[in-house]
Amino acid sequence: MSRAFTPKVVTANSLLEGDAVWLTEDDRWTKVMAEAELIEDEAHAQIRLLDAQARAGEVVGPYLADAREGENGPEPVHFREEFRTRGPSNYAHGKQVERA
Amino acid sequence: MYQYSDFDEAFVRTRVAQFRGQVERRIDGSLTEDEFKPLRLMNGLYLQLHAYMLRVAIPYGTLNARQMRQLAMIAERWDKGYGHFTTRQNIQYNWPELRHVPDILDALADVEMHAIQTSGNTIRNVTADHFAGAAADEIDDPRPYAELLRQWSTDHPEFQFLPRKFKIAVTGAEHDRAVTRAHDIGLRMVRRGGETGFEVIVGGGLGRTPMIGKVLRDFLPVEDLLPYCEAIVSVWNLLGRRDNKYKARIKITVHEHGVDEISRLVEERFETVKAAFDGTAMDLLEGIRAQFAPPALPPRGTGAYDAARDADPVFRAWADTNLTPHRAAGHAIVSISLKKHGATPGDASAEQMRVIAELAERYGHDEIRISHEQNVILPHVALDDLPQVHAALKAADLATANIGLVSDIIACPGMDYCALATARSIPIAQEIAERFEALKIEHEVGPLKIKISGCINACGHHHVGHIGILGLDRGGVETYQITLGGSGAEDATIGEKTGRGFGAEEITGAIERIVFAYLDLRQGREETFLDAYRRVGAAPFKAALYAADEDAKKDRADAA
Ligand code: SF4
């Protein structure tokens with residue numbers, strides 16, 4: 001029996017600033033994970049990753065990260081991905097202040 | 001301190017111009033990331049979790065005031081107002097934008113600094129004893145040799161694509177403050193008869209497979225330093241396991257082939273390469289040495305110092321903890337703690353950097369050092385100037401009296417910044433320091449080195465911490481594994497794992513139990529934590545750590 005596919009988002013770092021970005025359904029790179037496209041189908045995930053890899057002028061190192069449906073959109077599953085939505089814990093720097 | 005020659009200046013400027021072109025070509029799409037990545041790494045530019053990170057070399061940890069001010073300027077202009085000093089005596093900026101990096105490198109070049117070979121499979125920044133040139137137990141200042149090694153290894157055509165990175169540390173003192181036994185090559189200055197030379201240690205390293213280095217030569221004459229190092233690196237360059245990045249470091253090569261075989265190959269190679277070194281390097285060394293001439297330290301009284309000690313208990317506590325004897329009477333080596341309780345280990349704000357620069361200029365003969373323990377050193381300060389120095393440090397939040405104590409924790413950036421991390425280190429260090437500050441017992445506990453790494457790469461040197469903490473990802477949860485009894489000094493030892501790891505919310509309590517167990521069993525204040533551990537072994541500490549587990553096991557057994 002094949003294991004159920006864990007939903008994914010496509011994520012990367014932006015080329016110029018280096019911060020975390022996510023791919024939206026309408027092909028934008030967003031700084032807000034909740035706006036990302038939540039991908040529930042494995043084959044589609046691979047295609048979206050290929051799409052992302054073709055945009056090497058905008059981002060670096062795209063990959064598929066596990067995600068789940070949250071109240072406002074996709075949410076991280078793993079703590080590393082959660083930190084990427086927020087920034088470091090020792091200073092109020094990065095996304096946690098950009099969003100405020 | 002060393003002054004760039006015209007050659008150095010031209011070399012660094014050319015590299016900046018080259019990198020500027022590379023960045024432009026990456027942005028306009030003419031270079032792919034695969035093409036650009038090795039180029040940016042050669043210039044110290046990483047891509048981390050939230051941003052790029054620029055690692056700037058501080059050769060053998062030595063800076064002057066002008067350089068420190070420039071580091072402050074860079075932090076303010078292109079970063080978020082601070083920098084992070086690392087266990088390799090470097091500084092890292094956590095937030096530069098790609099477009100600005102060439103400007104930052106130009107600003108560094110203005111003060112004879114750069115980021116070359118701070119990454120990649122090359123010979124990295126050569127580190128040295130942070131008390132070099134001042135310590136009372138020193139045979140000779142190791143920095144001229146470190147500078148010679150830097151010149152030899154920078155852009156060395158044979159060593160730009162090594163099997164893996166390569167790290168060299170040098171000390172000129174008896175007491176090893178440079179962790180020489182955990183480096184690819186460790187050089188310890190020794191005397192034989194009237195001659196000064198090096199004990200050459202090879203194949204030490206931490207990371208996934210921690211190893212204590214082995215002595216390859218017990219006495220290497222100074223004039224053989226470069227050809228011998230060249231022989232070592234070139235033997236490893238051929239033998240090193242390029243098939244497996246986890247087995248590529250020289251420690252594994254030495255382990256797989258045995259130190260005797262490596263020694264045979266190195267000696268053989270040494271005979272060949274020696275001929276190419278015609279003595280030019282020794283002439284160069286003389287010139288370099290002159291630039292490291294110690295400052296004149298005329299005798300001074302100690303009246304003001306003694307009076308401050310008597311009058312001010314805060315000053316006295318700081319002096320007792322943060323000063324080290326200087327070889328010149330009436331002077332001291334000042335360690336400035338970047339470990340204020342609750343602060344990020346190794347971070348300094350631009351403002352703090354400026355205060356340190358000012359103090360170095362006014363009271364410290366324009367000399368600053370960065371220690372691998374992530375603190376800042378003023379190596380030559382007159383005792384009578386210390387009350388003023390202390391007051392200025394206090395006003396800048398830099399007067400924490402905790403050098404060598406529980407809260408003087410080494411912590412790598414961990415998962416707050418580092419893309420390789422498996423867990424966070426900084427919040428753990430902050431919490432432990434705050435806990436012991438609240439308990440008010442760290443002076444009572446005495447010397448105790450805690451070192452934390454956020455992954456198996458061990459940038460936080462956890463293996464050689466008296467107490468080491470390694471952050472891991474266990475099933476999607478940050479988990480911390482403890483090692484005990486490690487040492488990075490001349491009696492270098494790899495710490496032993498205690499048993500199961502602890503969750504983030506348990507780890508501070510676990511460390512507290514270890515420290516209280518030590519206080520209970522030590523034979524007096526003179527018996528340090530490490531001495532006590534060596535006397536009694538791990539058992540009492542494990543009992544303290546896992547008592548609750550044992551109780552639970554018993555309860556389960558009783559219930560069954
Ligand atoms: S030890 Fe690991 S987490 Fe810490 S800085 Fe090194 S690579 Fe990053």
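To find a chain, count down the sequence lines: A is the first, B the second, and so on, and within it residues start at 1. None of the values given here were measured: they were computed from a predicted structure.
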Would you mind checking which part of [X] comes under 4.5 Å of any heavy atom in chain A, side chain (CB onward), backbone (N, CA, C, O), both or neither?
{"X": "B/I426", "result": "side chain"}
{"X": "B/V477", "result": "backbone"}
{"X": "B/Y82", "result": "side chain"}
{"X": "B/A429", "result": "neither"}

Surrounding [atom1] of [X] (heavy atoms of other residues, nucleotides or ligands, distance under 6.0 Å), is the total greater than 12?
{"X": "B/K80", "atom1": "NZ", "answer": "yes"}
{"X": "A/E25", "atom1": "CD", "answer": "no"}
{"X": "A/E42", "atom1": "CD", "answer": "no"}

Within the 6.0 Å centroid threshold, strictly below: A/H93 and B/Y417: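 No, too far apart.
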Got a second to check how far [X]'s [atom1] is from [Y]'s [atom2], nearest 0.5 Å?
{"X": "A/E17", "Y": "B/H50", "atom1": "CD", "atom2": "NE2", "result": "14.0 Å"}
{"X": "A/R86", "Y": "B/D416", "atom1": "CZ", "atom2": "CG", "result": "8.5 Å"}
{"X": "B/R26", "Y": "A/L15", "atom1": "CZ", "atom2": "CG", "result": "4.5 Å"}
{"X": "B/M415", "Y": "A/S89", "atom1": "CE", "atom2": "OG", "result": "11.0 Å"}

Top contributor to chain A contacts, counting heavy-atom pairs under 4.5 Å, from B/L31, B/D347, B/N94: B/D347
Counting heavy-atom pairs under 4.5 Å with chain A, the top scorer among B/R424, B/Q48, B/R99 is B/R424
Could you please state which residues from residues 69-80 of chain A sit under 4.5 angstrom from chain B, measuring non-hydrogen atom to non-hydrogen atom, sorted by number, or 'none'? A/H78, A/F79, A/R80
Between A/V59 and chain B, which part of the residue has a heavy atom less than 4.5 Å away: side chain, backbone, both or neither?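 Contact with chain B involves the backbone of A/V59 alone.
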With chain B, the option among A/G87, A/A20, A/G57 that has the most non-hydrogen atom pairs under 4.5 Å is A/G87
Are the side chains of B/Q430 and A/N90 in contact, using a 4.5 Å heavy-atom criterion?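 Yes. Closest side-chain heavy atoms under 4.5 Å.
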Please examine the side chains of B/Y52 and A/V60, heavy atoms only from C-beta on, and report whether any two atoms are closer than 4.5 Å. yes
Select all residues of residues 336-346 of chain B having any heavy atom within less than 4.5 Å of some heavy atom of chain A, and report them by number, or 'none'.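 Those residues of residues 336-346 of chain B which have a heavy atom under 4.5 Å from chain A are B/T344.
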